[in-house]
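Below is one structure, written out as structure tokens, with a few remarks after it.
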Amino acid sequence: MFHTFPNKSKPQSPISLEKTYSLTAHYDDFQEVKYGSRYSSSTLSNGMSLHLGGSLDRSGRGRGGRDRCVGGGASPGGGAAERWSRREICLLSALVFAAGVCVILGCMLALKFLSLEAQDAQCREDCRARRSLLRAARFVQGNIDASVQPCHDFYSFACGGWLRRHGIPEDKLSYGIITGIGEQNQEKLQRLLEEPVRRTGLDSAERKVKEFYRSCVNIQEIDRLGGGPMTEVIENCGGWDFSGAPPGGAGWESGSAPVRPDFNEMLYRTQGVYSTAVFFSITVNVDDKNSSRNAIRIDQEGLTLPERTLYLGQDEDSVKILAAYKALMERLLSMLGAHNATVKSREILELEMRLANITVSEFDEQRKDISSMYNRITLKQLQRMAPSLHWKRLLDRIFHDNFSEEEEIVVLATDYMQKVSDIIKTSSKRVLHNYMLWRIVAALSEHLSTAFRSTIHEFSREIDGTERQLELGRLCLTQANKHFGMALGALFSSDLTGHGSNSSDLTGHGSNSSDLTGLVGFDPRSPTFPLEICSPALLPRQRKSRNRDPVQELVEDIKHALDVRLQELDWMDDETKEAARAKLQHMMVMTGYPEFLLKPELIDQEYGFDVNEKTYFKNILNSIKYNIKLSVKKIHQEVDKTTWLLPPQALNAYYLPNKNQMVFPAGILQPTLYDPEFPQSLNYGGIGAIIGHELTHGYDDWGGQYDRYGNLKQWWTEESYRKFQKKAECIIKLYDNFTVYNQRVNGRLTLGENIADLGGLKLSYYAYQKWIREHGPERPLPGLKYTHEQLLFIAFAQNWCMKRRSQSIYLQLLTDKHAPEHYRVIGSVSQFDEFGRVFHCPKGSPMHPVNKCSVW
Ligand SMILES: [Zn+2]
């Protein structure tokens, strides 16, 4: 994925003093259009005001007439005996004259109205285009800090203005331009969830997701139940220390007496009923060596904290985090009725520490080489490998099957499984049991009453600085997204297409994204900005792109850029190039949202479990159980290559190596990452670089191990792979030298993402060059001195304008596979020669070093 967005992001640092220079310097340009637009609606071309019925203009003219009359009256020779006095004649003339002027003006007005009708359509087009350019200019300019030299620190140059103006909301760990886009999505989704149910049937997924949401925001009811729902789970599992008798005893081991669950029974319950990994994970996934079938996959996983080193007390921060974790466990255990919570939590922690000792870090070399991790063995071999568990019984129960001893299973952590079996063998059954119960408690307590939520929040505050819990509505939206992603996605998509219309030409690709332009989250600066010049309601949204989806076109251009790059590479031999190009040809791309979302009855089938608006905790359990059921079913099914792992509202994208597939949900195809009305330079720098990023994942240190069909198979010649690794080594060193708050970035952990960032930028740049060759240069952005080549780089950097709480950096550097945003940007641009050329950076300047790393 191009980025993961934590549910909670973060703090309000010194809020942004607005700088006054940025927009005012170009204010005239904005003014010009502002007046231009008024002119078309209320003034004449000669600048005369149209207040015809009003007294002002007429009186003006009248004054003029009178002046002339006065002059005429002064002339000698008028007949004294006339019936009309000179004064009367003068007045009459003035009246006649005024009437004439009125007639002329009236005609002009009528003509103007007629011509306005004709011009209206043209005007709307023009002013819409102009409005878009201004919007783009204002967005780009508002984020820049022009006092920073782009060749010195491009991130601070491109994002300085934004960083100064924004703080981090108290309930978030980070906040960025992209978070702002996400908030627009969230507001829309929340509104959709609060609308009345349209399909009210018992099976209706729409009803279920809305009732689920209602059950979640009903905090009074949740508080009334307190820890009750969890106590029930604990009792069903035999209680702490095995003390309680499970109800009914059905399925429990230990002869005829339904007394206590034995170890294997409890293992089944945690994994097969509550979907909680204990000691190891069991999942159903595409078999990496045969991507058309699903396989049972077993891997290391038994820790509650996100990284093993946090258990090892290697530095001050990890010691602090471990202490906070122990306090949390103790507190939750007491709240849930465990006696001697202090002793119990110490025992559980000791067991987790033993597991941490045998767990391998995700950035360890061993965990990078999927080919050597992959180990397909039979059930019989697994039993020999980890003999303290009863494997057949466990898998039979989870999968409702009767596996033969020859059944094949993929094990990704062979050493670990041997060692974990030893730990199980040598640990007290009581402690093993309490550990498994704790893992369920740790996974589910966030769904309990306010008291539990506050306790968990205390822990978060301690370890990453979260100031405030997420607001209830937002938290429930997060849960609805997690448990009802596609049902919510259906509401989102039908909102895009106009409430469930059958416009299937909008599905399965990104043209629908043009309907999202109204969601733009621009900064509310410059209140005088003439956004009202054309009423958005009157504008026909972009439908012209229906024939050829512009997002698909962008993807094709970027794929083409990689194809050309592959042919040009001097370090890759012909054989490997051919395989790499074939992989590119086979790569599947999905954008927008899946077509089945337009068919409500198909969505209903995804949520075949009960939901009640009064029972939040039970709804969660039902959802978990149903998802286990779906996974279990997959084991007997062919791999469905069209499954979406993210719902359409997701502000994210992914590349899946074992399907050789890229997916860009509608949620990310939005301004300011993508706007069909923006100049293409900004779109290529925005979503283009993200598409390039995902594409490059197919060729990084992980994705590059899979072939065109998604099978784990070496398609590189040895020589080319060795050269690739050498090039990757350069990137590891580059990022190893970056530090945040005196903490080092881990070049090895972030390698794949960094290769993708560097590659994505290059591909989008070259693809834009091709676009220019085919379409000609773009109009300059009003009031900006930057060329479109420069704007592409600026847009790329502005994707990543982001603030993070300093307290969260420690965990981020330890667990996030992406480098901190500042380095995602300067790491990428500084290694690209074209950047130095475009910004005229002196050779040897920080953003244009003499020696550069380059893979693609
Ligand atoms: Zn990525």
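Start at 1 and go down the list; that is how both ligands and their atoms are numbered.
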*Go through the structure and list residues passing ring pair (Phe, Tyr, Trp, His ring centres under 6.0 Å) with Y766, not counting sequence neighbours.*
F832
*Determine yes or no for a side-chain-to-main-chain donor-acceptor pair under 3.5 angstrom, with Q670 supplying the side chain and G667 the backbone.*
yes
*Can you name the N/O/S atom of H697 that is nearest the Zn ion (ligand 1)?*
NE2
*Hey, what's the ring geometry for W856 with W571, parallel, tilted or perpendicular (30° and 60° as the breaks)?*
tilted
*Give the atom name of whichever N/O/S atom in E753 sits closest to the Zn ion (ligand 1).*
OE1
*Tell me, which pairs form a side chain to side chain donor-acceptor pair (under 3.5 Å) where one or both residues lie in residues 725-740, sequence neighbours left out?*
E729-R748
*asked:* Which atom name does H693 have for its N/O/S atom nearest to the Zn ion (ligand 1)?
replied: NE2
